[in-house]
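Notes for the one structure printed next.
First listed ligand is number 1; within each ligand, the first listed atom is number 1.
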Amino acid sequence: MRILIYGGSFNPPHLGHIRSVQTAAAALRPDLTLLIPAAIPPHKHLAEGTPEAGHRLAMTALAAGEIPGCEASDMELARTGPSYTSDTLRILHERYPGAELIFLMGTDMLLTIETWHEPEVIMALASLAVFAREEGHEDEIAAQAEHLRERYGAVVYVLAGEPVKVSSTQVRALLPQRLGRGYLTGDVYGYIIRHRLYGAKPELAWLRERAYACLKPTRVEHVEGTEAMARALAERWGADPDDAAEAAILHDCTKKADRDGQLRICEKYGIIPDKWELENGELLHAKTGAAFAAAEFGAPGPIADAIRWHTTGRPDMTLLEQIVFLADAIEENRRPYPALEAIRKAAFRDLDAATELCARRTLAYVRERDLPLHPDTARTREYYLKKLEDRGAVPIPWDGP
Ligand code: DGI
Ligand code: FE
Ligand code: FE
């Protein structure tokens, strides 16, 4: 039996890791491949925002899932004290008697292995595998391999193949800029976004694809329109256009669910519907959408709040909340309704006046259809009416439908 062992911080595991393992596995044909995330010792400088060990293990397990016969092992993370490779190999040697252990490493690791803890134990218990072509180090690697063979009786496999040029540091730097997805497996990327590890923000194309899958096909146009309008309003009023787009893409993500479906989502996320929401299940999609977006897509507080308040609004909304509240109402694909044009114009001239009129129009709509009026809608109207009055502005004239 042959076991390929690949250790590292996997912070996060990326396609470079996967390609290295695949190339090594193709050459060495192991029966089992173990990815072993290393415990990062407390004295070592932790990369900014390094997620807890459990997250690294979970990501490594997702990455391992891409490779046949490959598993993630928690044996180093579960151990207390310094994580020595020699100890890991001892344990594996006992667990798999008679197996050939092959330790896959990067070039610089091979060059420094003699400075490691118990190098002679490492080389007695395991063969070493290293890539030959890494930044023109071929001669150095060949010389070092020869030296280790002579001095320790080491078995060194020098593998052909160019490792993918990407580092975890690079990936961590890209993720907060809505980039980096191309360096990760889909599962690992989804996990990072769901938990917003490394300050990651989703690539919007990726988010659209996933969010649209939650919609009735007929609603996609509305969400596209809302995104475009939210972006335009964000540019006009100085909010982050990508954050506005993110909130807009997700704002109706639970709209498809009927009343029973809404109540099931409420149960799942511990939402207690109020009596107006119980009467009119339609109102619930704002609360359930916010919870779903946070749980499934890691939507951070300000974005989840913009989703939460997009239907009724609330007094003293944040800029992002106001933008999404209005964008939803005035996007280009909205079926025309009275006051639409007036709100649309106002939204680019006076955000509070537009908000007041938008809430006033909903009040009229609800009254006309004899729907239960949600007090949040009424409060939104009152708050923005008073805000206009306080600064001596006149509400936009509109007499109702
Ligand atoms: O989800 P959308 O259709 O894109 O838009 P939305 O989230 O603004 O939801 C619109 C619906 O919400 C619309 O049918 C009116 C309803 N609504 C908004 N405020 C109230 C309200 N319904 C009631 N009963 N009471 C309200 O205060
Ligand atoms: Fe909605
Ligand atoms: Fe909407």
Non-hydrogen side-chain atoms of K345 and I396 separated by less than 4.5 Å: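 No; the side chains remain at least 4.5 Å from each other.
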Regarding [X] and [Y], do their side chains bring together a donor and an acceptor under 3.5 Å, going by distance alone?
X: T88; Y: R79; result: yes
X: Y152; Y: E114; result: yes
X: S168; Y: N11; result: no

May I ask you to decide whether [X] forms a salt bridge with [Y], counting only side-chain N to carboxylate O separations under 4.0 Å?
X: E227; Y: R208; answer: yes
X: K386; Y: D390; answer: yes
X: E382; Y: R360; answer: no
X: R210; Y: E296; answer: no

Interfacing atoms of ligand 1 (cut-off 4.0 Å, heavy-atom, [X]):
X: R219; answer: 1 (O), 2 (P), 3 (O), 4 (O)
X: L371; answer: 24 (N)
X: H374; answer: 25 (N), 26 (C), 27 (O)
X: V366; answer: 20 (C), 21 (C), 22 (N), 23 (C), 25 (N), 26 (C)
X: H222; answer: 4 (O)
X: L373; answer: 25 (N), 27 (O)

Tell me the protein heavy atom at minimum distance from [atom], and give that distance in Å.
atom: atom 21 (C) of ligand 1; result: L283 CD2, 3.5 Å
atom: atom 13 (C) of ligand 1; result: Y365 CE2, 4.1 Å
atom: atom 18 (C) of ligand 1; result: T362 CG2, 3.5 Å
atom: atom 12 (O) of ligand 1; result: T311 CG2, 3.5 Å
atom: atom 22 (N) of ligand 1; result: N280 ND2, 3.4 Å
atom: atom 27 (O) of ligand 1; result: T377 OG1, 2.7 Å
atom: atom 23 (C) of ligand 1; result: P372 O, 3.2 Å
atom: atom 1 (O) of ligand 1; result: K255 NZ, 2.8 Å

Quick check for you: to the nearest 0.5 Å, what is the distance between M123 atom CE and F103 atom CZ? 11.5 Å
For E282, run the side-chain hydrogen bond (donor to acceptor under 3.5 Å, both in side chains) check against R259, Q262, K255 and tell me which one passes. K255
Under 4.0 Å, heavy atoms only, figure out whether ligand 1 is touched by the backbone of H285, its side chain, both or neither.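 The answer is the side chain of H285.
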Less than 3.5 Å between some nitrogen or oxygen of H251 and one of ligand 1, yes or no?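 No; the residue has no nitrogen or oxygen that sits under 3.5 Å from a nitrogen or oxygen of the ligand.
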Hey, is ligand 1 close enough to D328 that some N/O pair sits below 3.5 Å?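 So ligand 1 has an N or O lying under 3.5 Å from an N or O of D328.
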Charged tip of R314 within 45° of Y383 ring normal and under 6.0 Å: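 The answer is no, since R314 fails at least one limit relative to Y383.
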At less than 2.8 Å, would any N/O/S atom of D252, backbone or side chain, sit next to the Fe ion (ligand 2)?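 Looking at D252, which is the residue asked about, there is an N, O or S atom under 2.8 Å from the Fe ion (ligand 2).
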Is the closest heavy-atom distance from R334 to ligand 1 below 4.0 Å? yes
If the cut-off is 2.8 Å, does any N/O/S atom of H251 fall short of it from the Fe ion (ligand 3)?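 Looking at H251, which is the residue asked about, there is an N, O or S atom under 2.8 Å from the Fe ion (ligand 3).
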Do you know which N/O/S atom name in D328 is closest to the Fe ion (ligand 3)? OD1
Can you tell me the N, O or S atom of H222 that's nearest the Fe ion (ligand 3)? NE2
Looking at Q170, I want to see if its CD is surrounded by more than 12 non-hydrogen atoms of other residues, nucleotides or ligands under 6.0 Å.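 Yes, enclosed.
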Non-hydrogen atoms of P176 and K201 that approach each other most closely: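 It is O-CD, 3.7 Å.
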